[in-house]
Student: 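Dropping the structure in here first, questions after.
Just so it is clear, the structure is predicted and the values come from calculations on it, not from any experiment. Reminder, nothing fancy here: chain letters follow the sequence lines and each chain counts from 1.
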Amino acid sequence: MKKEARGTSWQSCAKKNAVACTVYHIWTARNRRLFEGTVVTSDGIIREIKTQLITPIIKPSILIPKPTKFPDNQTTFIPFSQLQQIKHLESQLISTLQDCKNLAQIKQTHAYIIRKCLHQSSYIISKLIRMLAKINVPMLSYGISVFSQVRYPNAFLYTALIRGYLNDGRLNESVVVYNSMRNDGTPPVSFTYTALLKGSASEMNVNLGRQLHGESVKLGGFSVDLFVGNVLIDMYIKCGCLDCGRRVFDEMPERDIISWTSLIDAYAKAGEMGSASELFGELPEKDMVAWTAMVTGFVQNSKPREALEYFERMQNGGVQADEVTLVGVINACAQLGAAKYAHWVRDVAENSGFRPANDVHVGSALIDMYSKCGCVDDAYNVFESMHENNVYSYSSMIIGLAIHGRASSAIELFEEMVKTDVRPNSVTFIGVLTACSHAGLVEQGKHFFEIMESSYGVNPHVDHYNCMVDLLGRTGRLDEALDLIKSMPMEPNAGIWGALLGACRKYANPDIAEIAARNLFKLETANIGNYILLADVYAKAERWEDVMKVRKMIRKKALRKSPAFSWVEGEKGVIHEFYAGDITHPRSREITEALENLVNRLKINGYQPNLSSVVYDVSDEEKRRMLMNHSERLALAYALLTTDDGSAIRIVKNLRICEDCHLFMCGASQVTGREIIVRDNMRFHHFRDGSCSCCNFW
DNA sequence: TTAGGGTTAG
């Protein structure tokens with residue numbers, strides 16, 4: 001048998017070897033390997049190729065029209081000695097194709113390809129179809145007709161068509177092509193599976209994914225392919241079958257850092273930080289992305305201290321951080337809410353060469369962090385310094401201003417934003433409505449609520465209704481708030497009824513409170529805060545029997561009150577934590593003295609404790625004692641003892657600040673001349689010269 | 001040609 005191919009001819013290929021000519025490669029005896037190239041025919045060698053790459057032609061499916069007649073008048077005889085020239089021409093045409101910017105240019109190049117008689121080359125045509133996808137030309141008739149003109153498509157060409165359809169989001173059609181390919185007897189390649197698996201993942205079609213998984217194993221042993229394995233892990237993760245992804249991972253004969261990181265990140269996103277850490281510990285070589293997945297994972301699971309700990313380990317290990325890592329670290333600091341960390345991370349970012357001005361992700365994260373740390377002016381400085389702003393940076397800034405009670409600035413910024421190309425989204429309106437709500441701007445709030453859909457096409461969600469109920473409720477429009485809830489197009493959630501109940505406490509309205517509570521208890525049976533709110537409403541109305549009934553319900557359900565605590569930065573930026581009535585602090589005696597001293601100064605200034613903040617039926621003297629031990633006051637006294645006179649005092653509280661403490665802080669800011677910033681679980685309060693930035697709407 | 005980590009609210 002002759003071992004050398006002598007020449008190649010399109011004509012002879014078409015006529016003599018119709019059955020064998022899906023050949024994409026040419027066998028040469030000289031180096032005993034398959035060359036990428038064009039179709040070849042030659043008596044001796046063809047039989048040998050046949051045995052390897054035989055592909056019977058079966059009638060293509062409806063999606064792939066039957067190939068047209070071979071153009072006899074354009075056949076050319078190409079001697080084997082010129083094969084290198086053909087290959088050269090092919091690569092030239094491919095680079096021409098890659099430079100195409102639009103459909104017209106592709107069509108022009110295609111005409112040239114036909115003139116050069118290379119339109120039967122699967123290599124070139126698959127590139128052409130890929131280019132259609134790249135320049136965002138949907139897989140219309142052109143791509144299909146180009147495909148159908150190739151008489152003997154190979155696996156790469158079929159895969160290009162599959163990817164073209166997937167690029168259009170047409171998963172079903174791509175599966176039809178895959179089935180035709182199978183019917184034609186063309187063995188799929190690993191790209192075929194990676195493409196289809198990605199398509200299944202983006203449509204969360206796990207059944208298709210499973211079928212493809214099975215076939216990939218059966219047909220080509222692709223289970224050992226690293227790429228297919230990784231895409232399989234990804235597909236199962238995206239479809240929510242983390243265990244299946246893990247099984248693929250465990251069975252993979254070879255894994256790389258991508259296999260590991262995909263799974264680590266999936267565990268983190270599923271809230272399984274234990275599994276994520278375990279896997280991360282086993283990862284032999286940890287790179288920047290893997291470390292970042294851990295840092296971000298802890299942040300996503302509200303574990304900022306662990307996130308910072310991993311970041312420190314990453315730095316100690318000499319692994320460079322990039323802007324993605326920094327966004328994670330910045331978010332960790334935002335969760336901690338401590339100004340000390342905020343300034344530290346800003347330095348870290350700038351030392352790593354990421355100036356917020358140049359990176360909108362880092363900038364937006366910094367704005368959010370500074371706002372949450374009580375430094376709204378710093379947040380605004382970052383915002384102003386940014387070269388580019390998007391909906392995230394604008395929304396973060398608007399929300400920042402809103403939670404700090406700067407409603408007019410928030411609204412001004414919104415007005416400025418809508419003059420640019422940046423379109424507000426659902427979150428932007430949460431910010432704008434929150435601003436109105438925290439400042440009691442009823443008419444403006446109603447206006448924004450109306451125009452969000454009519455002018456900006458943003459449908460109000462339940463959260464926007466929540467803001468509106470909050471706004472109406474805070475300003476005492478309880479009936480109007482209840483009417484709005486009744487008119488909602490969706491079911492009100494616990495947040496809505498909770499906002500109404502909170503407003504009922506402020507305005508001592510037990511009738512509406514009972515309606516709110518009835519609905520709220522159905523939705524959140526075990527949230528003790530709701531029962532306490534209702535008890536507060538009854539206490540304000542001095543309906544002590546009803547208070548007792550609520551307390552009984554709490555006992556019956558065995559609900560435990562979550563302890564109130566506050567923390568504050570003391571000497572050298574060390575954070576100190578105080579519980580209500582806490583006497584465990586080493587300087588407890590001094591703290592009590594400082595507090596008594598402060599109360600006396602406040603009393604001279606006219607401070608009268610608001611005893612209705614205590615919802616227990618006890619003597620007034622006992623109420624006074626209970627109020628005096630609230631955790632934020634202990635924190636304040638400690639800060640007064642240990643920090644410089646000129647500096648602001650920043651207190652973070654886990655629950656909502658009570659009315660009497662609010663009054664107390666107003667007075668304290670006046671008699672001490674200090675700025676006091678309290679972050680409660682709702683918002684920030686800036687106390688300065690006897691008044692609060694919230695204007696008593698909170 | 002195919003693969004891993006990120007920004008606003010709740």
Student: Let me check something: any side-chain donor-acceptor pairs from residues 272-284 of chain A under 3.5 Å, sequence neighbours excluded? List them with distances.
Tutor:
| residue | atom | partner | partner atom | Å |
| --- | --- | --- | --- | --- |
| A:Glu272 | OE1 | A:Ser275 | OG | 3.4 |
| A:Ser277 | OG | A:Met273 | O | 2.6 |

Student: Of all residues at least two apart in sequence or in a different chain, which pass the side chain to side chain donor-acceptor pair (under 3.5 Å) check with A:His461?
Tutor: none
Student: What residues form a side chain to side chain donor-acceptor pair (under 3.5 Å) with A:Asn425, not counting sequence neighbours?
Tutor: A:Thr428
Student: Any donor-acceptor pair under 3.5 Å linking the side chain of A:Lys372 with the backbone of A:Tyr370?
Tutor: no
Student: Taking protein heavy atoms under 4.0 Å as touching, what does nucleotides 4-10 of chain B look like 5' to 3' if B marks base contact, S marks sugar-phosphate-only contact and - marks none?
Tutor: BBBBBB-
Student: A:Ile237 has an atom CD1; how far is it from atom P of B:dA3, in whole Å?
Tutor: 15 Å
Student: Counting only pairs under 3.5 Å, give me each side-chain donor-acceptor contact of residues 294-306 of chain A, with atom names and distances, residues two or more places apart or in other chains.
Tutor:
| residue | atom | partner | partner atom | Å |
| --- | --- | --- | --- | --- |
| A:Thr296 | OG1 | A:Thr292 | O | 2.8 |
| A:Asn301 | ND2 | A:Ala268 | O | 3.0 |
| A:Asn301 | ND2 | A:Gly297 | O | 2.8 |

Student: Would you indicate what A:Lys198 reaches in the nucleic acid, counting non-hydrogen atoms under 4.0 angstrom: base, sugar-phosphate, or nothing?
Tutor: sugar-phosphate
Student: May I have the distance from A:Met252 (atom CE) to B:dA3 (atom P), rounded to whole angstrom?
Tutor: 14 Å
Student: Can you tell me if A:Asn654 and A:Asp680 form a side-chain donor-acceptor pair at under 3.5 Å?
Tutor: no
Student: Using a distance-only test with no angle check, is there a side-chain donor-acceptor pair under 3.5 angstrom linking A:His361 and A:Tyr392?
Tutor: no
Student: Using only heavy-atom distances, determine whether the side chains of A:Tyr165 and A:Tyr178 contain a donor-acceptor pair under 3.5 Å.
Tutor: no
Student: Considering only heavy atoms, which members of residues 378-389 of chain A lie under 4.0 Å from some atom of DNA chain B?
Tutor: none
